[in-house]
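Presented below is the structure to which this report refers.
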Amino acid sequence: MPDRTLFSERLSEAMARAGLKQADLIHIASQRGKKLGKSQVSQYVSGKTVPRRNVVALLADILAVDEDWLADGAATPAAHAPAAQPAPAARATARSVAAATPASSHQATSQRSTPMRQFTKSAKLDNVLYDVRGPVADEAARMEAEGLRILKLNIGNPAPFGFRTPDEVVTDMRQQLPECEGYSDSKGLFSARKAIMQYAQLKHIPNVSMDGIYTGNGVSELIQLCMNALLDTGDEILIPSPDYPLWTACATLAGGTPVHYVCDEEAEWNPDLADLESKITSNTKAIVIINPNNPTGAVYPREVLEQIVEIARKHQLMIFSDEIYDRLCMDGIKHVSIASLAPDLPCVTFSGLSKSHMIAGYRIGWMILSGNKRCMRDFIYGINMLSNMRLCSNVPAQSIVQTALGGYQSVERYVEPGGRIYEQREYVYKALNEIPGITAVKPKAAFYIFPKMDVERFNITDDEQFALDLLHEKRILITRGGGFNWNKPDHFRIVYLPRMEVLREALTDLADFFAHYRQA
């Protein structure tokens with residue numbers, strides 16, 4: 001058996017040279033029809049154990065290194081090993097073949113024998129996570145390619161589940177297409193930004209002007225733009241846990257340090273304000289809130305928002321508020337924009353039409369800068385620079401913002417009693433809580449629920465393995481809780497957009513799965 005420390009060192013060295021992480025090894029092995037467990041790979045890398053010879057061979061093949069070198073140091077890595085010297089008879093044969101071979105052919109053979117250098121991904125991606133479309137989703141795609149039917153409860157994309165864009169919006173875009181062939185102003189069309197400004201006024205957001213409104217290719221682009229404009233290496237930003245993982249990913253890519261504050265399940269997933277304030281340091285620049293929240297469906301009450309504002313005021317922090325689901329509140333709840341409570345603080349509020357108007361593919365979102373703009377003048381300069389660099393957002397999608405915000409809000413009928421989203425939420429919430437070992441807080445908005453598993457009952461230590469086991473056995477694709485920067489393996493997210501008959505089938509299968517599931 002090879003030395004555990006030496007094996008660990010060589011495995012880590014080979015992974016670094018290949019630019020692969022542990023999750024990459026698991027994914028590549030799966031693509032080849034082999035199975036590597038997350039905990040197994042972690043133990044190999046940490047030196048706690050060494051694999052059997054067949055696993056060593058698989059790892060060596062994936063990493064393109066010599067199997068013997070990886071196992072016991074008998075050889076050097078393939079990428080650095082000297083070329084094997086042929087026997088004398090072989091050398092003579094090679095010379096005679098070379099003499100009979102045209103020069104161009106010999107040159108081509110020589111070029112092919114020289115290994116191409118490896119182009120590895122940037123180290124900036126080492127700590128970036130986006131499991132909504134991650135390894136488990138990749139495995140589902142592989143299974144679909146083999147002809148298997150997968151029920152996707154992992155992504156909030158309304159169109160595949162029969163939610164249609166309002167006819168008026170489609171008609172207006174069609175009519176305006178000939179006028180949308182060129183770039184717009186980098187911040188967006190006047191008509192779109194004017195409509196957004198009026199919407200901000202209805203939300204009581206103070207100190208909003210046309211210059212403080214920017215359209216984007218969805219909110220996602222604008223989040224990345226803001227993180228790049230704000231964060232230097234070492235700067236910290238407070239982000240909720242669980243979060244929508246793009247926030248953490250963008251902060252990391254920008255060179256900042258995401259610091260996660262806890263949202264309390266026992267308090268209907270509202271932020272734990274004591275935990276939030278305890279994590280503020282001299283390096284903290286901003287607080288992010290996601291309200292209504294993805295993945296929990298929580299809607300923060302005014303008193304909680306007021307306390308967050310007080311914390312931000314006390315520590316002189318910016319506030320970023322992701323409000324993309326603000327028009328999908330249920331149970332008579334009225335959404336409050338935190339910016340409306342903070343006229344003296346620098347605030348950036350994000351929203352868009354992807355969810356409220358069922359046009360995720362159109363890619364139209366916006367951000368509103370409000371409150372104290374004097375203290376963020378340099379940040380605004382950075383925002384303008386980055387906004388100019390990407391030229392502008394999708395102009396045809398911008399052209400329908402005025403129609404969408406000013407016309408009939410068709411989403412309202414979905415989220416009231418008898419409406420499709422409302423009734424599907426009611427069913428999923430009840431069905432989940434009837435499964436022994438599963439509990440869930442009722443969402444107040446959006447179309448996600450974040451149930452909790454009894455990890456002792458199901459022996460769950462690895463939520464990614466749980467998601468894979470569910471996918472392989474029941475062909476149901478969900479997103480694990482860890483994909484939302486939740487640090488325990490006890491949650492997962494379900495999207496309840498599919499029609500009721502599909503949800504009934506899925507929840508029946510889920511109940512059957514948990515009736516016997518014990519993680520190995």
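- A salt bridge does not link E144 with R475: every distance from a Lys NZ or Arg NE/NH1/NH2 to an Asp or Glu carboxylate oxygen is 4.0 Å or more.
- Taking both residues in full, the closest heavy atoms of V219 and I324 are given as CG2-CD1, 3.9 Å, listed atom of the first, atom of the second, then distance.
- Within the structure, salt bridge (Lys or Arg N to Asp or Glu O under 4.0 Å) pairs that include any residue of residues 219-229 comprise E221-R390 (at least two apart or interchain).
- The two residues G188 and T215 make their nearest non-hydrogen contact at CA-OG1, 3.4 Å.
- For the residue pair N388 and S186, a side-chain donor N or O sits within less than 3.5 Å of a side-chain acceptor on the partner.
- Scanning both residues, P51 and L59, for their nearest heavy atoms gives CG-CD1, 4.3 Å.
- Between the side chain of N228 and the main chain of Q224, a donor-acceptor pair closer than 3.5 Å is present.
- Between the side chain of Q519 and the main chain of D462, a donor-acceptor pair closer than 3.5 Å is present.
- In this structure, the separation between CZ on F163 and CG on L497 is 5.0 Å, given to the nearest 0.5 Å.
- More than 12 heavy atoms of other residues, nucleotides or ligands shown are found within 6.0 angstrom of CG on N54.
- Ring orientation note: the planes of F514 and Y517 are nearly perpendicular, at an angle over 60° on the 30°/60° scale.
- Shortest non-hydrogen contact noted between S354 and R363 is OG-NH1, 3.5 Å.
- Checking S393 against N217 by side-chain atom types alone, no donor-acceptor pair falls below 3.5 Å.
- Here the side chain of S241 pairs a donor or acceptor atom with the backbone of N485 at under 3.5 angstrom.
- Among residues two or more places apart in sequence or in another chain, the side-chain contact (heavy atoms from CB on, under 4.5 Å) test is passed with M389 by M385, L386.
- For CD of Q316, the number of neighbouring non-hydrogen atoms (other residues, nucleotides, ligands) closer than 6.0 Å is 12 at most.
- S321 places no side-chain N or O within donor-acceptor distance of the main-chain N or O of I338, the cut-off being under 3.5 Å.
- Using a 30° and 60° split on the angle between ring planes, Y44 and F7 fall in the perpendicular class, above 60°.
- Scored by the side chain to side chain donor-acceptor pair (under 3.5 Å) test, R377 finds no partners at all (sequence neighbours excluded).
- In terms of heavy-atom proximity, I359 sits nearest to L353 at CG1-O, 3.4 Å.
- Taking the six-membered ring where the residue is Trp, W269 and H491 present perpendicular rings, their angle passing 60° and hence far from 30°.
- Under a 4.0 Å N-O distance rule, the pair D61/R32 qualifies as a salt bridge.
- T284 is not listed as a side-chain neighbour of H315, based on a closest heavy-atom distance of 4.5 Å or more.
- For the atom pair I223 CD1 and L246 CG, the distance stands at 5.0 Å (nearest 0.5 Å).
- Taking 4.0 Å as the cut-off between side-chain N and carboxylate O, K279 and D275 count as a salt-bridged pair.
- Side-chain N or O atoms of N283 include none that pairs as donor or acceptor with a backbone N or O of E236 at under 3.5 Å.
- Counting heavy atoms from C-beta outward, V56 and V50 have side chains that stay 4.5 Å or more apart.
- Here CD1 of I287 is found 5.0 Å from CG of L317. Values are rounded to the nearest 0.5 Å.
- Residues L25 and I62 form a side-chain contact, since some pair of their non-hydrogen atoms from C-beta on lies under 4.5 Å apart.
- There is no side-chain donor-acceptor pair under 3.5 Å between Q118 and T120.
- Of the inter-residue distances, the one linking I289 atom CD1 with I308 atom CD1 reads 5.0 Å to the nearest 0.5 angstrom.
- Within 6.0 Å of CZ on R117 lie no more than 12 heavy atoms contributed by other residues, nucleotides or ligands.
- Side-chain contact between V348 and I383 is absent, with no heavy atoms from C-beta onward closer than 4.5 Å.
- From I380, atom CD1 reaches atom SG of C375 across 8.5 Å, with rounding to the nearest 0.5 Å.
- No salt bridge links D490 with R480; every basic N to acidic carboxylate O contact stays at or beyond 4.0 Å.
- Rounding to the nearest 0.5 angstrom, the gap separating the CG atom in L231 from the SG atom in C226 is 10.0 Å.
- Between the side chains of T296 and N293, at least one donor N or O sits under 3.5 Å from an acceptor N or O.
- Between I438 and F458, the closest side-chain pair of non-hydrogen atoms falls below 4.5 Å.
- Around NZ of K152, the count of heavy atoms belonging to other residues, nucleotides or ligands within 6.0 Å does not exceed 12.
- The main-chain N or O of T5 is never found under 3.5 Å from a side-chain atom of R10 such that the two would form a donor-acceptor pair.
- Side-chain atoms of L153 and L477, non-hydrogen and from C-beta on, never get closer than 4.5 Å to each other.
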Going through the checks in order, is the side chain to side chain contact (heavy atoms under 4.5 Å, CB included) test met by D264 and N270?
-> CA-CA 6 Å; D264 185 1; N270 288 323; over 6 Å; no
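- Between the side chains of N291 and Y325, not a single donor N or O lies within less than 3.5 Å of an accepting N or O.
- The closest side-chain heavy-atom distance from I364 to Q398 is below 4.5 Å.
- Side chains of T165 and Y362 form a contact here, defined as non-hydrogen atoms less than 4.5 Å apart.
- A donor-acceptor pair is defined here as one N or O able to donate and one able to accept, closer than 3.5 Å; such a pair exists between the side chain of T252 and the backbone of T248.
- Proximity of a side-chain donor or acceptor of N394 to a complementary backbone N or O of A397 within less than 3.5 Å is detected.
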Let me see the working for M318 and K285 under side chain to side chain contact (heavy atoms under 4.5 Å, CB included), right down to the final yes or no.
-> CA-CA 6 Å; M318 287 186 70; K285 274 195 169 180; over 6 Å; no
Begin from the C-alpha positions of M15 and L11 and carry the test side chain to side chain contact (heavy atoms under 4.5 Å, CB included) through to its verdict.
-> CA-CA 6 Å; M15 289 170 63; L11 178 60; 3.9 Å; yes
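- Side-chain atoms of R493 never come within 3.5 Å of backbone atoms of Y448 as a donor-acceptor pair (strictly under, hydrogens ignored).
- Counting only N and O atoms by type, the side chains of E139 and H27 include no donor and acceptor under 3.5 Å apart.
- At a cut-off of 3.5 Å, with distance as the only test, no side-chain donor of Y244 or D322 sits close to an acceptor on the other residue.
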Check against side chain to side chain contact (heavy atoms under 4.5 Å, CB included), F320 and F350 = CA-CA 8 Å; F320 292 96; F350 302 83; 3.8 Å; yes
